[in-house]
Amino acid sequence: MPELPEVETMCRGIAGCVGLRIAAAALPRGRVRPIATVPRPAVLVKRLVGRTIAVVFRRGKRVVMEVAAAGDAPLWLVIEPRMTGLMLVTEPPSAEHVRLELCLHADRGSATERLLFWDQRGLGTIRLLDARGLERACGAAKLGPDGLVVTADDLAFRLGRSRRAVKVALLDQRAVAGIGNIYAAEILFRAGIDPRTSCRRLSRDAWERVAASTRAILAEAVRHEGSSIGDETYQTAAGAPGRFQKRHRVYGREGRPCGRCRVPIVRIVQAQRSTFYCPQCQCRHPKRRPCPR
DNA sequence: CGTTCAACCTGGGCGC
DNA sequence: TGCGCCCAGGTTGAAC
């Protein structure tokens, strides 16, 4: 589920936790298996308690919280929501899938907050890392430039000689960080590019369109607080659904008419994952040149 | 280098 | 009702 816009929305939704101290931490074990943590759960909890959440930010599809302790080196709590993970400051959809619970208190005053990481499928991960670990997990070798600011130069440099299909390449987090299956489809629709096109066959103009579409689609999705689709497991930290799913032009729309040319949207499989596109608007030799947006 | 497949999990939907 | 199968927003590692 969570791609860049959803994770960005989660980070904004938990920004109120900055400045609060972790009074208690728990990794509840319900009927579901415990989630993967680094270090082991008991050590993780011990190291977290007493620290203060100093900064919350996003790196690609990860939520990163800098946790500080007076007179001690900072640590970073790195959470990867993967498919169904959510950061919540409200009641979770179910109690048994709460994977991390932080009880937060203000040092002065009475402000308190309960911050949860909830993950139905349990594919998410929780890591508490030092500066070296953070660099290894989230550094430039692991994650490329952020999708909100990626340029045509970035993409052409990293992918221009690749033989991979452009849609598959856009999911490579080392090339550009934050794009997932929904937004890869929406980006290429907006750019008017066939998702099967080999990267090395894309012109400079095509990379310009891909980069501009990436920034525009992701920014628009952030403005609409992400996409809640299907069973609607995704929600903001305050429990509201996202709204960008109403603006999807191709994702999840197999067989329905393209909003621009009325030709039915097609679903194919690339790298074991669904790709949706318009065979007319995203054709290499369209009868009518697509008019982006 | 690239692709393919399985694995990690839960749960909804569908055909029989 | 129930069972088996397919599907799902992600990532990783092994095999080819």
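Lettering follows sequence order; numbering is per chain, from 1.
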Nearest-angstrom distance from the residue atom CZ of A:R82 to C1' of C:dG10: 6 Å
d(CG, A:L143; C1', C:dG10) in whole Å: 13 Å
Residue A:H97, side-chain heavy atoms: nucleotide from B:dT10, C:dG10, C:dA8 that is nearest: B:dT10
Check against side-chain contact (heavy atoms from CB on, under 4.5 Å), A:Y183 and A:S227: CA-CA 10 Å; A:Y183 297 107; A:S227 303; 2.7 Å; yes
Closest nucleotide among C:dG10, B:dT10, C:dT11 to the A:V32 side chain: B:dT10
Nearest-neighbour nucleotide for the A:Q120 side chain, B:dC9, B:dG11, C:dG9 considered: B:dG11
A:K142 side-chain proximity, nearest of B:dG2, C:dT12, C:dG10: C:dT12
Rounded distance (Å) that lies between atom P of B:dT10 and atom CG of A:L123: 9 Å
A:K61 bridged to A:E3 by N-O distance under 4.0 Å: no
A:Q282: which of A:L188, A:V266, A:I193, A:T197 passes side chain to side chain contact (heavy atoms under 4.5 Å, CB included): A:L188
Pair A:S228, A:Q245: side-chain N/O donor-acceptor within cut-off below 3.5 Å: no
Spacing between A:I179 atom CD1 and C:dT11 atom P, to the nearest angstrom: 11 Å
Carboxylate-amine/guanidinium contact A:R114 A:E91, below 4.0 Å: yes
Selection from C:dA8, B:dG11, B:dC8 that lies nearest to any side-chain heavy atom of A:E96: B:dG11
N/O (side chain, A:R33) to phosphate O (OP1/OP2, B:dC9) under 4.0 Å: yes
Paired nucleotide for B:dG11 [Watson-Crick or G-U wobble; both distances under 3.5 Å]: C:dC7
Between C1' of C:dT11 and CG of A:L171, the distance in whole Å: 11 Å
C:dG9 OP1/OP2 closer than 4.0 Å to side-chain N/O of A:Y251: yes
A:Q272 side-chain proximity, nearest of B:dC5, C:dG9, C:dT11: B:dC5
Phosphate-side-chain proximity, A:S274 and C:dA8, N/O vs OP1/OP2 below 4.0 Å: yes
Residue A:R164, side-chain heavy atoms: nucleotide from B:dT3, B:dC5, C:dG10 that is nearest: B:dT3
Protein-nucleotide distance (A:R163, atom CZ; B:dC1, atom P), rounded to Å: 13 Å
Given B:dT10, C:dG9, C:dT11, the nucleotide with the shortest approach to the side chain of A:T233: C:dG9
Nearest-angstrom distance, C1' atom, C:dG9 to B:dT3: 22 Å
Rounded distance (Å) that lies between atom C1' of C:dG9 and atom CD of A:E8: 17 Å
Sugar-phosphate, base or nothing in reach of A:G122, heavy atoms under 4.0 Å: nothing
Interatomic distance, A:R200 CZ vs B:dG2 P [rounded to whole Å]: 10 Å
Distance test, side-chain N/O of A:R121 to OP1/OP2 of C:dG10, below 4.0 Å: no
P-based separation of B:dC9 from C:dC3 [nearest Å]: 23 Å
Basic-acidic side-chain contact under 4.0 Å: A:R132, A:D130: no
Sugar-phosphate only, base, or nothing, as touched by A:S162 at under 4.0 Å among non-hydrogen atoms: sugar-phosphate
